Amino acid sequence: MSQPTERNRLDEESSPYLRQHADNPVNWQPWGEEAFDLAREYDVPVFVSIGYSSCHWCHVMEEESFADEETAALLNESFVPVKVDREERPDVDSTFMTVSQLVTGGGGWPLSAWCTPEGEPFYVGTYFPPESRGNRPSFPGLCRRIADSWTDPEQRAEMERRAEQWTTSARDELESVPDSPGEPPGAGLLDEAAAAAMRSTDTEHGGFGTSGPKFPMPGRVDILLRAAGRTGRGDLLEAATRTLDGMASGGMYDQIGGGFHRYAVDRSWTIPHFEKMLYDNAELPMVYLDGHRLTGDLRYARVAAESLTFLERELRHPDGGFFSTLDARSRAPDGREGSSADEPLEGAFYAWTPAEVDAVLDEPVADLVKARYGIRSGGNFERGTTVPTLATSVDSLAAEHDRSPEAIEELLAEARDALFEAREERPRPARDEKVLASWNGRAISAFAAAGTVLGDAYTDLAVDALEFCRDRLYDAESDRLDRRWIDGDVAGPGYLDDYAFLARGALDTYGATGDLDALAFAVALADGIVEEFYDADDGTIYFTRDVGSGGDVVGSPGSSGDATLFARPQEFADRSTPSSLGVAADTLAVLDGFRTDDRFRSIAEAVVRTHADRIRASPLEHVSLVRAAERVESGGIEVTIAAEEVPRAWREALGERYLPGATVAPRPPTAAGLDGWLDRLGLDEAPPIWKGRDAEDGAPTVYVCEGFTCSPPRTDVDAALSWLDDRA
């Protein structure tokens with residue numbers, strides 16, 4: 001028969017990941033109704049390959065299979081091959097990943113799925129080698145068997161039955177809501193989540209689980225910090241700080257340039273998968289800032305600052321937005337033994353040999369640095385290289401070299417700068433230059449938080465990034481947020497995580513700056529969440545719009561829903577990013593204070609009640625929903641400041657104080673000055689968080705509330721915050 005697809009169409013796409021595959025001999029098609037129409041026309045299965053630009057094993061499978069002419073011919077003849085960028089199409093990734101997890105017990109990328117022409121998968125897996133290896137079948141052999149089975153009526157009928165069963169199970173998992181709402185989870189949920197975290201903590205290296213790979217789980221650390229701060233329990237704080245210390249001292253943290261790699265392949269955080277993601281370097285600084293505020297340990301502030309500096313230096317667009325990722329692979333530095341100059345290698349940019357250190361530094365500093373970072377002959381990584389870790393303490397080096405710890409620190413700082421400058425001359429990892437609304441929302445929250453703790457320069461970066469996203473991804477006339485911008489090209493509309501994360505970033509920017517426009521933008525995005533993603537009948541917030549309500553079809557500009565997908569997902573659990581459902585509910589609960597009706601609060605309450613049994617059954621898997629449930633139950637902490645400008649000393653006091661999840665709400669000092677703000681928000685009267693909270697005698701005045709109870713007005717911020725201590 002003739003081939004169902006005539007050519008590779010990915011050269012028409014803007015996604016860097018799809019364009020990486022535009023030269024493959026495989027006739028790749030982008031995800032869309034047209035690809036499935038071809039499958040129906042030629043009566044062949046669809047092969048769906050899902051990945052992202054910095055994914056190491058995605059590159060490997062491309063080089064081994066998708067660049068191979070014979071394998072490509074097999075795919076082109078027997079299937080409609082479809083490539084998906086999971087970062088641009090998280091809805092597709094979520095539905096297929098759910099099938100993989102239900103069927104195989106795991107998942108990962110590249111995600112490989114064979115589907116019926118109706119888009120229902122009947123075979124799933126991740127990476128497949130070109131030849132059989134262990135329990136993994138060869139990719140070409142698997143393709144042949146599937147193609148042959150499809151043409152056999154009995155086997156095809158079995159494949160279609162399997163597809164129906166799998167998609168029914170995945171649909172039940174993704175769209176599940178109870179027949180009736182449960183009781184609110186109630187008080188104590190945070191402590192239950194912390195107790196679950198303690199049961200899985202690694203008491204030697206930190207983190208969760210006692211084997212590799214180890215993933216950063218900032219939400220779990222946050223839960224431990226919150227529970228420790230509330231109860232004063234030292235074991236909770238120790239578990240949290242052990243994790244912070246383990247991640248920051250290992251190779252998962254870039255000891256030379258700052259910032260975190262994706263995850264560690266081992267228990268001790270030594271060897272990472274080297275891609276650097278925007279979201280990791282937004283989520284982790286926030287929890288390190290809180291670790292600093294709770295413990296006073298300046299090391300945590302330094303890690304947060306260095307990670308955010310990495311984002312500014314290497315992932316920031318000149319106009320303010322943040323790009324998505326740095327690849328794990330690059331060409332090795334010139335002269336590195338055992339490495340080809342043309343062969344991209346994982347970690348080549350970040351690893352060192354003793355000779356490379358010696359070429360940059362003189363003795364005795366070179367030996368000092370090699371001892372500090374564990375850079376030795378034979379190394380701890382591939383081809384005799386070393387991924388730097390904090391292998392020797394400063395105190396040990398001081399004793400060995402008969403110098404003060406302060407002198408050692410100064411020498412190491414100068415040497416680190418020299419190593420960094422030398423590393424800048426190496427071939428760099430590729431950068432995925434798409435700007436995603438969701439990930440930028442998390443980065444904006446991180447920079448806003450850092451501005452309070454570390455200084456105004458970080459706040460300025462939050463403001464710039466928010467403006468970038470608002471200008472390029474948001475259409476105020478239609479109240480539509482798009483998901484992705486890359487070099488002027490926009491793709492969308494956005495998903496729930498785009499709306500929820502960017503709304504939270506805008507809200508946090510308002511708290512740090514008092515900028516009314518940022519607050520108004522947060523409210524507008526929250527309205528979008530309610531209008532586009534909330535289902536009142538189901539009492540939940542879906543990840544995509546409802547394609548049925550407006551007649552939208554796949555690819556239409558008016559819907560982030562996709563009629564080709566077999567399910568409308570919800571995002572319950574925290575994974576590499578927080579649950580968008582949890583962040584949306586929590587943000588609506590916060591923004592309820594800025595409304596004069598109960599619309600936002602009622603929806604947050606509905607979500608928490610709908611999923612109460614799920615949250616109670618597994619609080620540690622649903623950290624963001626736990627935080628939302630706690631806010632709905634307790635109201636959280638609110639700090640309203642009535643002033644023309646928040647005094648710097650007050651900002652510093654708030655930056656030093658550990659107030660997890662607190663809402664900071666600046667407002668004009670007088671009721672008359674507030675009128676213009678109310679007009680901007682479309683309000684007829686002051687909302688609860690501002691109402692009656694004017695400045696006292698013209699002086700900056702602060703009101704602190706917790707648990708729906710408020711302090712008297714204070715003109716001394718320390719006195720106001722001490723009210724919280726008296727309640728403890």
Side-chain angles (χ1 to χ4, degrees), residues 218-219 222 226 278-279 281-290 292-293 304-305 307-308 311-312 320-322 437-470 474 481 497-526 529 577-578 580 582-594 600 604 624 627-628 631 636-641 646 650-651 654-655 657-667 681 689:
D222 174 64
R226 290 187 185 216
L278 173 58
Y279 56 76
N281 288 287
E283 299 295 337
L284 286 166
M286 285 192 276
V287 79
Y288 274 90
L289 288 169
D290 276 344
H292 162 65
R293 287 198 271 202
S307 298
L308 295 175
L311 290 185
E312 179 189 8
F322 290 93
S438 59
W439 296 5
N440 270 258
R442 300 310 291 164
I444 291 164
S445 288
F447 279 101
T452 303
V453 181
L454 303 174
D456 292 344
Y458 295 93
T459 307
D460 293 342
L461 291 166
V463 170
D464 290 346
L466 183 64
E467 183 178 352
F468 184 100
C469 292
R470 185 167 49 199
Y474 183 68
L481 178 69
D497 62 341
D498 297 304
Y499 280 78
F501 294 178
L502 193 57
R504 192 47 180 257
L507 176 63
D508 292 340
T509 301
Y510 154 72
T513 64
D515 179 13
L516 177 61
D517 286 342
L519 175 61
F521 188 38
V523 172
L525 292 173
I529 290 172
T577 55
S580 57
V583 172
D586 187 60
T587 302
L588 289 172
V590 174
L591 287 173
D592 172 71
F594 297 91
F600 286 172
S624 292
R627 288 188 292 229
R631 191 181 300 276
I637 297 172
E638 296 176 351
V639 181
T640 301
I641 301 173
V646 178
W650 288 27
R651 293 202 305 268
L654 290 171
R657 184 68 180 259
Y658 179 60
L659 300 170
T663 302
V664 179
R667 51 150 287 179
L681 295 175
I689 202 165

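These numbers come from a predicted model, not from an experiment.
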Undergrad: Enter the distance from Cys469:SG to Phe322:CZ here, rounded to the nearest 0.5 Å.
TA: 9.5 Å
Undergrad: Any salt bridge linking Asp586 with Arg504? Criterion: basic side-chain nitrogen under 4.0 Å from a carboxylate oxygen.
TA: yes
Undergrad: Do the non-hydrogen side-chain atoms of Ile637 and Thr663 ever get within less than 4.5 Å of each other?
TA: no
Undergrad: Test side-chain contact (heavy atoms from CB on, under 4.5 Å) on Leu289 and Leu454 and set out the steps.
TA: CA-CA 9 Å; Leu289 288 169; Leu454 303 174; 4.0 Å; yes
Undergrad: Should Asp222 and Met286 count as side-chain neighbours, where that means a heavy-atom distance under 4.5 Å?
TA: no
Undergrad: Between Tyr510 and Pro666, is there a donor-acceptor pair closer than 3.5 Å when you use the side chain of the first and the backbone of the second?
TA: yes
Undergrad: What's the spacing between Phe600 CZ and Asp592 CG if we round to 0.5 Å?
TA: 8.5 Å
Undergrad: Keeping Asp498 on the side-chain end and Ser438 on the backbone end, is there a donor-acceptor pair under 3.5 Å?
TA: yes
Undergrad: With respect to Phe501, which candidate in Thr587, Ile444, Val583 satisfies the side-chain contact (heavy atoms from CB on, under 4.5 Å) definition?
TA: Val583
Undergrad: What closest approach, in Å, do Leu308 and Ala450 show between heavy atoms, and which atom pair accounts for it?
TA: CD1-CB, 3.4 Å
Undergrad: Could you report the tightest heavy-atom contact between Tyr658 and Arg226, atom names first, then the distance?
TA: OH-N, 3.2 Å
Undergrad: Using modelled atom types and a 3.5 Å cut-off, is there a donor and acceptor pairing between side-chain atoms of Arg631 and backbone atoms of Ala604?
TA: no
Undergrad: Rounded to the nearest 0.5 Å, how far apart are CG of Asp290 and CG of Leu659?
TA: 9.5 Å
Undergrad: Can you confirm whether Thr577 sits close enough to Arg442 that some side-chain heavy atom of one is under 4.5 Å from a side-chain heavy atom of the other?
TA: no
Undergrad: Which heavy atom in Pro285 sits nearest to a heavy atom in Ala304, and how many Å separate them?
TA: O-CB, 3.7 Å
Undergrad: So Tyr458 and Phe447, would you call those rings parallel, tilted or perpendicular, with 30° and 60° as cut-offs?
TA: parallel
Undergrad: Heavy atoms, side chains only, cut-off 4.5 Å: are Leu466 and Leu502 in contact?
TA: yes
Undergrad: With rounding to the nearest 0.5 Å, note down the distance linking OG1 in Thr459 to CG in Asp464.
TA: 11.0 Å
Undergrad: Okay, side chain of Arg627, backbone of Gly582: is any donor-acceptor separation there less than 3.5 Å?
TA: no
Undergrad: Could you report the tightest heavy-atom contact between Val646 and Arg651, atom names first, then the distance?
TA: O-NH1, 3.0 Å
Undergrad: What are the two closest non-hydrogen atoms of Ala512 and Ala448, and how far apart are they?
TA: CB-O, 3.9 Å
Undergrad: Side-chain contact test, heavy atoms from C-beta onward, threshold under 4.5 Å: evaluate it for Leu525 versus Leu481 and give yes or no.
TA: yes
Undergrad: Would you say Leu654 and Ile641 make side-chain contact, with heavy atoms under 4.5 Å?
TA: yes
Undergrad: Look at the side chain of Thr509 and the backbone N and O of Val463, then say whether any donor-acceptor pair between them is shorter than 3.5 Å.
TA: no
Undergrad: Using a 4.5 Å cut-off on heavy atoms from C-beta on, say whether the side chain of Phe594 contacts that of Leu507.
TA: yes
Undergrad: Do Val287 and Glu283 have side chains that get closer than 4.5 Å, going by heavy atoms?
TA: no
